[in-house]
Amino acid sequence: MKHHDPSRRFLPESAVDYESCLNPAQLEAVLTREGPLLVVAGAGSGKTRTVTYRVARLVEDGIPPSSILLLTFTRKASQEMLHRCTELLDDRCRRVAGGTFHSFAHAVLRRHAGRIGFPEGYAIVDRSDAESLIAALRKEFHSRHRERSFPTKKTLADIFSRSVNKGRDVQDIVLDEYPHLGEDIESIVELQHRYAASKMEHRVVDYDDLLLLLERLLREAQDIRAKSAETYRYILVDEYQDTNILQAKILHLIGADHRNVMVVGDDSQSIYAFRGANFENIMRFPEMFPGTRIIKLEENYRSTQPILDVTNAIIAQARRKFTKHLFTRNAGGMVPQLVQTPNEKSQSRWVIDTVAQLRRCGIRLGRIAVLFRASYHSFDLEIELNREGIAFIKVGGFKFMESAHVKDVLAHLRVLANPYDRISWLRILMLLDRIGPKTAQAAYDAVVRVGRGHEGLFAGKDRCIVRKELDGLRDLFRRLEAIPRSHPGELGTAVLAYYKPLAEKMYDDHPRRVRDLEQLTAIMERYESLESFLADMALEPPTAAADNHLTGEWRDPDRLTLSTVHSAKGLEWDAVFVLWALDGRFPSQYALEKEKDLEEELRLMYVAATRARERLYFLCPAYAFDRATGTVLNRPARFVADLPENLLERVYLEGMDGSSGFEMRW
DNA sequence: GTCACTGATCACATT
DNA sequence: GATCAGTGAC
């Protein structure tokens with residue numbers, strides 16, 4: 001590959017010393033200002049650095065920051081990049097537009113959704129709300145098909161979502177991926193139409209709608225498309241391997257005019273095919289934007305050579321061959337280990353004891369991570385960590401936002417913002433004594449009929465048996481009405497005051513839950529409007545799991561990180577433990593049948609292993625019973641099982657009782 | 001109509 | 001371990 005002459009002549013008075021901070025390939029990616037650019041960036045190859053420097057370079061070059069659009073996988077990622085960029089250059093970088101495709105879609109649609117016949121004051125529903133809506137519609141269908149069970153709300157939501165994200169009909173998705181539901185296909189299709197109508201009626205959109213509606217808007221409203229292209233003259237997309245076809249179309253619609261589009265990704269780290277991501281987007285990018293310059297970043301700055309040897313050996317097993325081959329100058333270091341333990345308890349013990357040793361070697365807890373395939377895989381370890389008093393933070397899995405008490409409080413606020421939000425109405429009404437589905441539905445109907453927002457609640461005639469309960473709710477809304485929407489913190493405080501007695505009645509652990517809610521109101525203080533708070537909670541909910549502190553700064557140097565592999569994307573630690581490297585756990589049981597799914601598990605294992613800088617341990621309990629399938633799991637993960645001893649050292653622990661004393665080799 | 005209980009079924013990753 | 005459908009007491 002021929003690269004630019006990285007001569008200083010390019011940058012006579014630059015505030016940033018690009019040449020000495022970047023290798024030639026990175027430098028080329030940073031200095032190529034115009035035209036489409038595809039950066040294939042291997043794990044640990046300085047991808048974030050490259051994007052950061054490129055943004056800084058554009059700003060320094062006089063491009064107005066607000067005409068740069070940085071699209072990332074999570075908003076945290078874009079904030080972090082722009083923060084680094086600000087440190088590198090100056091405050092101008094703060095004005096760069098950054099976020100996820102979903103948040104970008106919301107920003108455009110909230111102003112222009114009317115152009116394609118969608119109400120602009122819509123609310124965004126998260127996955128579990130979407131499922132509730134589907135569940136309500138599903139009931140009728142179930143009574144129709146008494147003979148056999150109808151798919152669950154979760155399965156239905158999955159099917160609908162895949163249909164949107166893969167750009168295929170529901171029929172095709174069912175036939176391909178859920179063949180056992182073939183008989184229900186007509187009902188599923190009809191239910192999908194009802195679901196769409198129901199969302200429209202209640203003025204809500206789900207995640208997929210955001211992308212779908214944005215694509216439609218840009219396609220149908222030429223003026224808006226042209227204006228967006230004009231506004232965002234430089235577009236950067238991170239993690240391009242995890243975008244789907246719809247996102248690629250959106251990118252093309254905004255980027256085709258000026259073609260100043262840079263995408264960064266790594267096909268071997270694509271781990272979101274299950275939700276419709278298509279890593280072939282990377283291969284197709286040059287077709288979509290002819291004249292694309294392709295740059296490969298192959299030097300790895302993260303890991304030692306022995307770790308890189310193992311990760312290269314893992315990804316080499318992919319049927320689909322990847323052209324990159326990573327290298328490092330960081331020779332030496334410990335050979336990664338596959339540690340076989342008798343059972344789960346001993347797995348947890350070994351991790352804890354090894355973490356203790358690492359700390360004695362001077363490695364802080366914040367530099368260590370335990371990764372796993374599924375959130376529940378760490379339950380036993382969490383118990384042991386608590387027992388030992390080792391602080392940890394868990395990322396992924398059950399979230400703060402999903403806990404009932406948080407959803408309850410938010411539902412009150414959402415009704416205030418969008419009185420057509422049926423899900424939230426039913427939720428808050430059914431919190432009250434003697435109000436079940438029927439009464440709640442009647443109250444909701446009255447609200448819609450009266451058509452004066454939540455005031456409709458005052459107009460309905462209630463049965464005397466529930467009068468007292470409803471009066472309490474009315475009082476709350478009267479109080480909320482007196483508070484301006486621009487003070488979400490006060491709104492939250494008022495709702496909490498109302499909700500607290502309810503929580504005390506419902507939950508025996510109410511003190512903890514109320515503390516959570518106080519955190520929530522503290523978060524609300526930071527917002528300028530109720531609507532922006534609610535949109536953020538749907539699009540970018542706080543990441544920490546429910547029982548962790550919500551103080552925001554989760555990268556605490558004195559806490560061990562427990563994370564799903566998916567949530568660990570893009571991050572790195574000095575030492576990484578991969579739990580349950582056992583066939584049937586990781587790779588997942590459900591992926592063993594289909595070649596395509598298995599290949600994604602392989603990439604997932606690759607992502608897990610490439611998080612490590614210096615030390616890497618795969619843990620494999622020798623035996624586990626899988627209750628779901630009734631099978632016995634006793635084979636190490638196939639991706640690492642057969643790697644030669646010189647790449648992956650075997651450690652066998654025997655005769656442990658799970659609580660103490662055993663041999664450990666380093 | 002509501003609510004609290006039962007037993008059967010199915011289980012991943014997430015914007 | 002959660003979800004769902006069905007039951008019977010208030």
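Residue numbers start from 1 in every chain, and the chains themselves are labelled A, B, ... in the order their sequence lines are given, proteins ahead of strands.
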- For A:Thr155 and for A:Arg275, find the nucleotide of DNA chain B with the closest heavy atom, then tell me which residue's nucleotide is more 5'. A:Thr155
- Whole angstrom is fine here: how far is it from CG in A:Leu432 over to C1' in B:dC3? 15 Å
- Item | Ring geometry between A:Phe577 and A:Tyr617 (parallel below 30°, tilted from 30 to 60°, perpendicular above 60°) | parallel
- Note on the structure: Taken to the nearest whole Å, CG/A:Asn244 to C1'/B:dT14 is 13 Å
- Task: Using the aromatic ring of A:Tyr272 (for Trp, its six-membered ring), decide whether it stacks on the base of B:dA13 within the limits of 5.5 Å and 30°.
- Result: no
- Query: The side chain of A:Arg138 lies closest to which of these nucleotides: B:dT2, B:dT14, C:dC4?
  - Reply: C:dC4
- Task: Report the nucleotide, chosen from B:dC12, B:dA13, B:dT15, that has the shortest atom-to-atom distance to any side-chain atom of A:His566.
- Result: B:dA13
- Item | CG-OG distance between A:Asp380 and A:Ser348, expressed to the nearest 0.5 angstrom | 3.5 Å
- Task: Starting from P on B:dA13, measure out to CZ on A:Arg585 and report it in whole angstrom.
- Result: 13 Å
- Given atom CG of A:Leu579 and atom P of B:dC12, what is their separation to the nearest angstrom? 18 Å
- Item | B:dA11 - base-pair partner by Watson-Crick or wobble geometry, distances under 3.5 Å | none
- Message: Taking any heavy-atom pair under 4.0 Å as a contact, classify A:Phe73: base, sugar-phosphate, or nothing.
- Response: sugar-phosphate
- Message: B:dT14, OP1 or OP2 - any side-chain N/O from A:Thr564 closer than 4.0 Å?
- Response: yes
- Item | Euclidean distance, A:Ser161 OG relative to A:Arg127 CZ, rounded to 0.5 Å | 5.5 Å
- Note on the structure: A:Arg162 atom CZ is separated from B:dC12 atom P, nearest whole Å, by 12 Å
- side-chain N/O A:Arg373 vs B:dA11 OP1/OP2, d < 4.0 Å: no
- Task: Take atom CE of A:Met605 and atom P of B:dA13, then tell me their distance rounded to the nearest Å.
- Result: 16 Å
- Examine distances only and state if a side-chain atom of A:Asn418 and a backbone atom of A:Arg203 form a donor-acceptor pair shorter than 3.5 Å. yes
- Message: Can you see if the side chain of A:Lys438 gets near the phosphate of B:dT2 - specifically, an N or O under 4.0 Å from OP1 or OP2?
- Response: no
- Item | A:Asp433, nearest nucleotide to its side chain (from C:dT3, B:dC12, B:dC3) | B:dC3
- Please determine, for the side chain of A:Phe274, which listed nucleotide (B:dT15, B:dC3, B:dA13) has the closest atom? B:dA13
- What does A:Thr152 touch in the nucleic acid at a heavy-atom separation under 4.0 angstrom: a base, only the sugar-phosphate, or nothing? nothing
- Message: Heavy-atom nearest nucleotide on DNA chain B for A:Ala591 versus A:Met430: which residue maps closer to 5'?
- Response: A:Met430
- So is A:Arg275 actually on top of A:Tyr272's ring, under 6.0 Å and inside 45° of the axis? yes
- Query: Can you tell me how far P of B:dC12 sits from OH of A:Tyr376, to the nearest Å?
  - Reply: 7 Å
- Between P of B:dT14 and CG of A:Leu539, the distance in whole Å: 17 Å
- Going from CZ on A:Phe372 to CG on A:Leu562, what distance comes out if it is rounded to the nearest 0.5 angstrom? 4.5 Å
- So does A:Thr439 get a side-chain nitrogen or oxygen closer than 4.0 Å to the phosphate oxygens (OP1/OP2) of B:dT2? yes
